[in-house]
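Comments concern the structure below.
This structure is a prediction, so every number in the text was calculated from the model and none was measured.
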Amino acid sequence: MAVQFTRRDPGRDSPADETFQPFLSQRILDRHGARVLNPSAAVVAAGWARPRPTVYRSASLLIPEDVLRDADTLNMINRILAEIGLQLVLPPPLSRLGEDLLPYLDYLDQVPRAVTLRVRPGAAPTEVDSWVALQRLRAAASGEQPMLPLAVVERISVEHLLTSTVTISGTPGSWESSGTTANGSYVRGSAGNRIPVALALPAPHRHPGELPGRRPVIAVLDSGIAPHPWFGIADRTQPPPAGGFLAVLPGLQQAILTQEEYQANWQPTQFLLDYWDAPVSSEPLVGDVDTDTGHGTFIAGIVRQVAPDATVLAVRVTHSDGVIYEGDVLLALWRIAAQVRLAQHTGDASQLVDVVSLSLGYFDESPTAAGYTAHLAHVIGRLLHHGVLVVAAAGNDATTRRFYPAAFAAAPSVNGGGPPVVSVGALNPNGSKALFSNDGSWVHYWATGAAVVSTYPVDVQGSATPDHDVPEWHRDSLDPDYFKAGFAVWDGTSFAAPLGAARLADALLRDAATDPSLGLAATDRQVMVERASAAWKTID
């Protein structure tokens, strides 16, 4: 059976899942300066609901840029935080994150910035905890004589730690490196839920030159790119070829790095140096291939198989251990939305983005459906308003608890006037729902996401060795983490979502070929909304 992408009736939610929180090791939390919010122990400002479990960075608050530019409000925030011995350390202005952002500054006035907290000089020893700081600000906005406007405090949140949707916690079992399957069959050996395979097929044909109008662009926010012959990338010395299947945004990557370097002065922070998928391992003395090494390359290969005439715009936000900082995702999404908006104003179709694919997410602490995900909802609403389709993976935890941003599919208020968010769960090759996939009333679409074969970086080799070695006869069993052949088999809603994004891009091409009013060269916002809606209706 070929890969599938289909709509199915939404599943049912389970109240028992509302406290579900996947496990993150203390080593991962410490590496990224994060902690788990425990509802039973969390302090809560009067009048605010008790939270649900989530993961957040201990020393970061997300504060919109326009609030940071209001000196009076900023001074009041610091006066309130001083009562608990803390103060804000202002981030570099957007104009100093790189020239790439300069054309978009007027549009980015509300972008949430990751603002670091530190102990106030001269204050008594105190714990830096952004959740506690947020509760203090909420308390100050309540009561008969509030010190801060409630509307301002409602726009401030902790910075969540997002994860990719490749780590599978929803089912036990293992796939041995010999290829035999055990009960469950989704978590595979030391290579991190993937094994190398060989593929004899050539790269799917891509029509040379420019298509009539232009090629649809899928922005993939993930782990970046890596060498592979399908993409014309021989090594890591040169960027992807101009006009090729892959494109990158070096200026945005520099802005993300500058933001992380600022945070690293005050809290544990890992750097995304550029758009290259690296390192292979975050534990070099052990040498295991990290869980998300090659993740973005694998996704690019899925798009190449389904929509070879599209262009993948790769933006690196995912660390090789599968962790993503919310501030980085927000900056990238706002930057893409600003680029589309400017292209619509100038008529420059070469700068348009048609689809955004997100194989990442988190569980929000709010007890309501929309909750404190307002930052993510705001920018996704902007993208949809401009006619950009947004596709998000449902997650791999076998839970019905809402996983954002995929769960925005059930929130019509987020659609910005365009089609809703497309939330995608994973199917097995036989068309049944994968046991690990999240499900619920908010998962509307399903695509093949188990035992998927796609491209993998050709220069990745981990420390694992074959179980059996007969050197005198030059014979080995399978090396489970040597990917020189350039392909792997992998599982996860991480791969169902880009399959759906690619199908939508392919629909955009087909519609443009049959209906001149939906041509991809048009930059008018309303036309983009109409062609996005037409593509969405082909799968609805």
Is a donor from one side chain sitting under 3.5 angstrom from an acceptor on the other, for [X] and [Y]?
{"X": "H295", "Y": "S494", "answer": "yes"}
{"X": "S282", "Y": "D321", "answer": "no"}
{"X": "T400", "Y": "D13", "answer": "no"}
{"X": "R57", "Y": "T269", "answer": "yes"}
{"X": "H375", "Y": "E326", "answer": "no"}

Worksheet entry | Atom pair CD (E154) and CG (L137), whose distance is rounded to the nearest 0.5 Å |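 Going from CD on E154 over to CG on L137, the span is 13.0 Å.
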For R50, look at atom CZ and say whether over 12 heavy atoms of other residues, nucleotides or ligands are found less than 6.0 Å away.
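Count over threshold, so yes.
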Sequence-distant partners of R69, side-chain contact (heavy atoms from CB on, under 4.5 Å), two or more places apart:
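Scan of R69 (side-chain contact (heavy atoms from CB on, under 4.5 Å), adjacent residues dropped) gives E65, D66, D109.
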So, using ring-ring contact (aromatic ring centres under 6.0 Å, His included) as the criterion, who are the partners of W334 when residues are at least two apart?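 W334 satisfies ring-ring contact (aromatic ring centres under 6.0 Å, His included) with Y107, H378 only.
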Under the side chain to side chain donor-acceptor pair (under 3.5 Å) test against S60, which residue among H160, E159, R113 passes?
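The side chain to side chain donor-acceptor pair (under 3.5 Å) with S60 is passed solely by E159 among H160, E159, R113.
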Out of R341, R525, Q344, which one pairs with H386 under the side chain to side chain donor-acceptor pair (under 3.5 Å) rule?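 Passing option: Q344.
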Using modelled atom types and a 3.5 Å cut-off, is there a donor and acceptor pairing between side-chain atoms of W131 and backbone atoms of V43?
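Here the side-chain-to-backbone pair exists.
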Examine distances only and state if a side-chain atom of N396 and a backbone atom of T493 form a donor-acceptor pair shorter than 3.5 Å.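 Such a contact is found between N396 side chain and T493 backbone.
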Original post:
Would F403 and F363 count as a close aromatic pair, with their ring centres under 6.0 Å?
Top reply: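 Yes: the rings meet the under 6.0 Å criterion.
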At their closest point, which heavy atom of F408 faces which heavy atom of V421, and how far apart are they?
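Heavy atoms only, the tightest pair is CB-CG2, 3.9 Å.
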Salt bridge (Lys or Arg N to Asp or Glu O under 4.0 Å) with R316: which residues, sequence neighbours excluded?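 Counting only residues at least two positions away or on another chain, R316 forms no salt bridge (Lys or Arg N to Asp or Glu O under 4.0 Å).
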Return the orientation label for the F298 and W490 ring planes: parallel under 30°, perpendicular over 60°, tilted otherwise.
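Rings of F298 and W490: perpendicular, as their planes differ by over 60°.
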